[in-house]
Amino acid sequence: GAVVSQHPSRVICKSGTSVKIECRSLDFQATTMFWYRQFPKQSLMLMATSNEGSKATYEQGVEKDKFLINHASLTLSTLTVTSAHPEDSSFYICSASLAGATDTQYFGPGTRLTVL
Amino acid sequence: GQNIDQPTEMTATEGAIVQINCTYQTSGFNGLFWYQQHAGEAPTFLSYNVLDGLEEKGRFSSFLSRSKGYSYLLLKELQMKDSASYLCAVRSAGNNRKLIWGLGTSLAVNP
């Protein structure tokens, strides 16, 4: 149980285009989903916390107009990187929190974004 | 401020035991997690501690001392596939479910 999928796994796009990444909890309902980015050999950096049906809470320094998050249902959250630039190239990972005593976060497999 | 410390790198031998330490200073405490992350992949959940003591799960065990702000992950009978980064994460007090992450310990298991 507690499987999270993420799509696409890898994307290459031109500078200035937008990219949408989907995160789905496959076998449980996730009241909260998290979006992270990770640069090579660095730890996870939380970008935003997303609750179903409400606006995402962004971490300091993360532009909400550039990284659009939509959490339309208890099993789906999307991250759209708008007007992507080469410095947005990174590994983007979502996690879904299984509501309960531990609120453990289960991670999707990640999306490798390369902006040319 | 909030801070989590763990060693940057560790090396061990196949079949041996290794202990990865994590110390934390957070505004309140509401659980500590250990995750394993192989290069190029997403983290996978290993263990959760909220009360003091040892939690054992197969070859992996995790210990917590809340009074000392200290945890360790113990890996027994090391295998080559255990070479990975091990992340310690703490959930601070409050209704916020987000985690504070350590920088990870890169473990290399040698034959």
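Convention: sequence-line order gives letters A, B, ...; per-chain numbering from 1.
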Got a sec: does the CD of B:Glu14 have more than 12 other heavy atoms crowding it under 6.0 Å? yes

Indicate the atoms forming the closest heavy-atom contact of B:Gly102 with A:Ser43, along with that distance. O-OG, 2.6 Å

Can you tell me if B:Tyr35 uses its side chain to pair, donor with acceptor, with the backbone of A:Gln105 under 3.5 Å? yes

Common cluster, A:Val11/A:Tyr92, ILVMFWY with side-chain heavy-atom separation under 4.5 Å: yes

Going from NZ on B:Lys98 to OG1 on A:Thr57, what distance comes out if it is rounded to the nearest 0.5 angstrom? 8.5 Å

For a 4.5 angstrom cut-off between non-hydrogen side-chain atoms, does B:Phe33 reach A:Thr104? yes

When clusters are formed by joining ILVMFWY residues with side-chain heavy atoms under 4.5 Å apart, either directly or through shared neighbours, do B:Val18 and B:Leu103 land in the same one? no

Is any side-chain heavy atom of A:Tyr36 closer than 4.5 Å to a side-chain heavy atom of B:Trp101? yes

Most contact-rich option vs chain B, by heavy-atom pairs under 4.5 angstrom, among A:Lys41, A:Gln38, A:Met45, is A:Gln38

When you group the ILVMFWY residues by side-chain heavy-atom contacts below 4.5 Å and let the links chain together, are B:Phe63 and B:Leu107 in the same group? no

Tell me, yes or no, whether the heavy-atom count around A:Lys66 atom NZ, taken from other residues, nucleotides or ligands under 6.0 Å, exceeds 12. yes

Can you measure from CD (B:Glu41) to CZ (A:Phe107) and round to the nearest 0.5 angstrom? 13.5 Å

Rounded to the nearest 0.5 Å, what separates atom CG in B:Leu99 from atom CZ in A:Phe34? 6.5 Å

Tell me, out of B:Gly40, B:Gly31, B:Ala39, who's got the most heavy-atom pairs with chain A below 4.5 Å. B:Gly40

Check for me, please, whether A:Val4 and B:Tyr48 land in the same ILVMFWY cluster - side-chain distances under 4.5 Å, paths through other members count. yes

A:His7 atom NE2, neighbour heavy-atom count above 12 within 6.0 Å: no

Find the one option among B:Ser85, B:Pro43, B:Gly104 whose heavy-atom pairs under 4.5 Å with chain A are most numerous. B:Pro43

Any idea which heavy atoms bring B:Ala42 and A:Gly108 closest together, and the distance? CB-O, 2.7 Å

So for atom CD, which belongs to B:Glu77, do other residues, nucleotides or ligands contribute more than 12 heavy atoms lying within a distance under 6.0 Å? no

